[in-house]
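Below is one structure, written out as structure tokens; comments come after it.
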Amino acid sequence: METATAEAQTLRERKKAATADALHRAAMELAIERGLPEVTVEAIVDAAEVSRRTFSNYFANKEDALLHGERERLDRILQALRARPAAEPAWAAIRASTRALFDEEGEPDPEWVAQSRLIRRHPSLIGEQLARHAAFENDIAEELTRRVGDPMRARLLAAAFTASVRLGADVWLERRGEATLTDEIDRILAAMGERFD
């Protein structure tokens, strides 16, 4: 009986993830096609073929839907960090967690590039993204406190980490083709890590 319940929960979770992803993709396609100011929640739900109520169960607004993919990536980095060996030095654990995500995903597809450029053009998306990054940074700092013991050092490491990832993404977008995104971020994390060894 427990197995059937677990399977039902897993199926339910997959369906929820698929719905959230469909709404995110619809929001992205509309924003790229029409421009963010022209995108409404009604247009998103029509494109995804779900109800307004369904949208509200997943997202607070269109900006939230647009940034869903990024939130998923940040959550996966955090989960990977939590799974790293407890004895591993903090910065090495951060770097390995990030590398694992990018190695798993491969190089960004055109949608990711379009989303990144879209965010940089709209203050409402930048504000939402900054709030997400601040929450992520706090979660990383909390996890790192368990590793380093000193909450202030953990916050410093978390802030350096999020700044490094943002810088790596920015540099990669500016220099398309000169290096992979994975290598660009890892190079900056390596340079930053010299300060924490």
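What's counted below: heavy atoms across the whole structure, side chains too, no hydrogens, waters or symmetry copies.
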Open item on the list: Restricting to side chain to side chain donor-acceptor pair (under 3.5 Å), what partner residues turn up for E128, sequence neighbours left out?
Closed with: none

TODO: Kindly give the heavy-atom pair with the smallest separation between G149 and P151, and that separation in Å.
DONE: O-CD, 3.3 Å

Task: Spacing of H122 atom NE2 and L66 atom CG [to the nearest 0.5 Å] - done: 9.0 Å

Task: Distance, nearest 0.5 Å, that separates CG of D21 from CE of M28 - done: 11.5 Å

TODO: Report the residues that fulfil salt bridge (charged side-chain N to carboxylate O under 4.0 Å, His left out) with D150, sequence neighbours left out, ordered by chain and then residue number.
DONE: none

Task: Reported CG-to-CD1 distance for the pair L130 and I126, which is rounded to 0.5 angstrom - done: 7.5 Å

Open item on the list: Within the structure provided, determine whether N138 and R155 are in side-chain contact (heavy-atom separation under 4.5 Å).
Closed with: no

TODO: Please round to the nearest 0.5 Å and tell me the distance separating atom CD of E137 and atom CD of E142.
DONE: 13.0 Å

- [ ] Using the side chain to side chain contact (heavy atoms under 4.5 Å, CB included) rule, take L157 and W91 through it: C-alpha gap first, then chi angles, then the decisive distance, then the call.
- [x] CA-CA 7 Å; L157 287 164; W91 196 259; 3.7 Å; yes

- [ ] State which residues pass side chain to side chain donor-acceptor pair (under 3.5 Å) with R84; sequence neighbours excluded, sorted by chain then number.
- [x] E88

Task: Test item: R166 side-chain N/O and H133 main-chain N/O as donor-acceptor pair under 3.5 Å - done: no

Let me have the donor-acceptor pairs involving side chains of residues 75-82, under 3.5 Å, with sequence neighbours excluded, atom names and distances please.
residue, atom, partner, partner atom, Å
R76, NH1, E105, OE2, 3.0
R76, NH2, E104, OE2, 2.9

TODO: Working to the nearest 0.5 Å, report the span between NZ of K16 and CG of L11.
DONE: 12.5 Å

Task: Minimal non-hydrogen separation, A65 against H24, with atom names - done: O-ND1, 2.9 Å

- [ ] Using salt bridge (charged side-chain N to carboxylate O under 4.0 Å, His left out) as the criterion, list what pairs up with R71, not counting sequence neighbours.
- [x] D64

Open item on the list: To check you understand the geometry: which heavy-atom pair defines the closest contact between R147 and P85, and what is its length?
Closed with: NH1-O, 2.9 Å

Open item on the list: For L36, is there any backbone N or O sitting under 3.5 Å from a side-chain donor or acceptor partner on K62?
Closed with: yes

Open item on the list: Using the salt bridge (charged side-chain N to carboxylate O under 4.0 Å, His left out) criterion, which residues pair with R73? Sequence neighbours excluded.
Closed with: none

Open item on the list: Considering only residues two or more places apart or on different chains, which pairs with a residue in residues 37-51 satisfy salt bridge (Lys or Arg N to Asp or Glu O under 4.0 Å)?
Closed with: E42-R52

Open item on the list: Tell me which pairs pass salt bridge (Lys or Arg N to Asp or Glu O under 4.0 Å) where either residue lies in residues 179-189, with sequence neighbours left out.
Closed with: R95-D186, R99-D183, R99-D186, E184-R187

Open item on the list: Taking transitive links into account, so neighbours of neighbours count too, which hydrophobic residues share a cluster with I44 at under 4.5 Å side-chain distance?
Closed with: L23, L30, V39, V41, V45, V50, F55, Y58, F59

Open item on the list: So, using salt bridge (charged side-chain N to carboxylate O under 4.0 Å, His left out) as the criterion, who are the partners of D139 when residues are at least two apart?
Closed with: none

- [ ] Using side-chain contact (heavy atoms from CB on, under 4.5 Å) as the criterion, point out the one residue from L156, L189, L144 that pairs with F161.
- [x] L189

Task: Residues which pass side chain to side chain donor-acceptor pair (under 3.5 Å) with D170, listed by chain and number, not counting sequence neighbours - done: R120

TODO: Nearest 0.5 Å please: distance from the CE atom of M152 over to the OG1 atom of T145.
DONE: 10.0 Å

Open item on the list: Under the rule for side chain to side chain donor-acceptor pair (under 3.5 Å), what residues qualify as partners of S97, not counting sequence neighbours?
Closed with: none

